[in-house]
Number of protein chains: 2
Amino acid sequence: MNIGIASEKSGLPSKTIRYYEDIGLLRPARTDNGYRDYSVADIHRLRFLQRSRSLGFSVDECRQLLSLYQDKDRESADVKSIAEAKLREIDRKIAELVGLRGLLHHLVEHCHGDERPDCPIIDELAGEGMVQ
Amino acid sequence: MNIGIASEKSGLPSKTIRYYEDIGLLRPARTDNGYRDYSVADIHRLRFLQRSRSLGFSVDECRQLLSLYQDKDRESADVKSIAEAKLREIDRKIAELVGLRGLLHHLVEHCHGDERPDCPIIDELAGEGMVQ
DNA sequence: ATTGACCTTCCAGCAGATGGAAGGTCTATT
DNA sequence: AATAGACCTTCCATCTGCTGGAAGGTCAAT
């Protein structure tokens with residue numbers, strides 16, 4: 001599968017896919033003419049990368065997540081503990097997004113105009129815990 | 001409130017806070033000695049920025065979100081439509097995180113070792129829709 | 001065999017920070 | 001009053017994560 005198709009299927013620009021290869025995230029096969037040749041498994045990895053990058057994980061975190069995804073020896077304790085840390089991080093991100101959603105929704109639906117600076121619901125949501 | 005305290009309360013490094021000022025996201029007061037002086041409202045903005053950046057929104061998107069948060073004229077149709085677009089984007093991000101969470105959870109809890117390449121649940125989750 | 005849409009590598013530049021140097025300020029202790 | 005240490009300031013260099021463009025090879029169709 002050529003890089004253009006891989007790009008379409010993964011949602012990542014070709015440039016970015018090549019870059020990910022440069023930094024060692026992915027190692028596609030090559031055809032005789034030198035073109036990169038992506039397998040279906042490669043596409044899964046690319047989609048996986050696309051998703052985790054767009055959700056605010058750094059490239060290095062994505063490398064970890066990807067290795068969890070690919071690791072044959074997922075039994076080992078340290079791999080599990082990395083995975084569990086990532087799960088907690090994902091849970092935190094989900095909670096933050098839900099909070100942000102609530103804030104924005106509230107802004108659109110219920111608050112308008114000058115009441116904003118004093119609106120207790122917004123204060124709470126913006127704070128997400130206590131600011132002093 | 002000095003920048004060090006603002007950094008603690010917002011979860012953003014001082015360097016980043018100054019950078020956000022450079023690019024015009026924030027305009028704190030200054031005390032007589034030239035030190036930046038952050039109000040409680042500034043801290044809310046910084047936390048807001050910290051959250052939205054960490055969730056994969058670009059600085060420009062954060063600028064939009066922040067202006068929604070601050071906009072006194074939230075009644076206007078175009079502001080509402082921006083906000084609604086952002087809401088849809090947040091919903092999409094939540095769905096992706098939930099999917100990613102399910103994938104990772106499944107990997108840790110149920111899959112181990114060689115079955116991975118053929119596990120249909122993982123295939124489905126990694127695909128999130130169809131890969132041809 | 002030429003056109004156009006692909007692909008390749010390489011190198012430059014932008015976005016979003018991040019680190020360090022050089023120096024001023026504040027508070028406390030000597 | 002002076003010295004120390006922890007703050008703060010600006011400025012400039014560097015890093016990450018792409019992104020664009022040039023220069024050139026490949027492929028399928030006309």
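Order of the sequence lines sets the chain letters (A, B, ...), proteins ahead of strands, with each chain counted from 1.
Of the candidate nucleotides C/dG16, D/dT9, C/dT8, D/dT9 has the atom lying nearest to any side-chain atom of B/Arg30. Distance from the side chain of A/Val59 is smallest for D/dC18 among the nucleotides C/dT8, D/dC8, D/dC18. Side-chain atoms of B/Asn33 lie closest to C/dT25 of the nucleotides C/dA17, C/dT25, D/dC8.
Atom CZ of B/Arg27 is surrounded by 12 or fewer heavy atoms from other residues, nucleotides or ligands within 6.0 Å. The environment of CZ in A/Arg30 is crowded: more than 12 heavy-atom neighbours from other residues, nucleotides or ligands sit within 6.0 Å.
Summarising the geometry, the separation between CG on A/Leu25 and C1' on D/dT16 is reported as 13 Å, rounded to the nearest angstrom. Between B/Tyr38 atom OH and D/dT9 atom C1' there is a gap of 12 Å when expressed in whole angstrom units. When the C1' atom of D/dG17 is taken as reference, atom CZ of A/Phe57 falls 17 Å away, rounded to whole Å. In this structure, A/Arg63 atom CZ and D/dT16 atom P are separated by 11 Å, rounded to whole Å. Summarising the geometry, the separation between CD on B/Glu21 and C1' on D/dT10 is reported as 12 Å, rounded to the nearest angstrom. Whole-Å rounding puts the A/Ile5 CD1 to C/dC7 C1' distance at 12 Å. Taking atom CG on A/Asn2 and atom C1' on D/dC27, their separation rounds to 10 Å, with Å as the unit. To the nearest angstrom, C1' of D/dG17 lies 13 Å from CG of A/Leu49.
B/Ile23 comes within contact range of no nucleotide atom at all, as no heavy-atom separation falls under 4.0 Å.
Nearest heavy-atom pair, A/Ser10 versus A/Ile17, reported as atom, atom and distance to 0.1 Å: OG-CD1, 3.9 Å. Across B/Ile94 and A/Arg101, no two heavy atoms sit closer than the pair CD1-CD, 4.4 Å.
Ion pairing of A/Arg88 with A/Asp91 is absent here, as no side-chain N (NZ or NE/NH1/NH2) approaches a carboxylate O to less than 4.0 Å. In this structure, B/Glu96 does not pair ionically with B/Lys93, as no charged nitrogen and carboxylate oxygen lie closer than 4.0 Å.
Residues from residues 10-20 of chain B that place a heavy atom under 4.0 Å from any atom of DNA chain C, listed by number: B/Pro13, B/Lys15, B/Thr16, B/Tyr19, B/Tyr20.
Taking only side-chain nitrogens and oxygens, A/Arg36 comes nearer than 4.0 Å to OP1 or OP2 of C/dT9. In this structure, B/Arg53 does not reach the C/dG16 phosphate: none of its side-chain N or O atoms is under 4.0 Å from OP1 or OP2.
Comparing B/Ser58 and B/Tyr35 against DNA chain C, the residue whose closest nucleotide sits nearer the 5' end is B/Ser58.
In the model, A/Thr31 has a side-chain atom that pairs as donor or acceptor with a side-chain atom of A/Asn33 under 3.5 Å.
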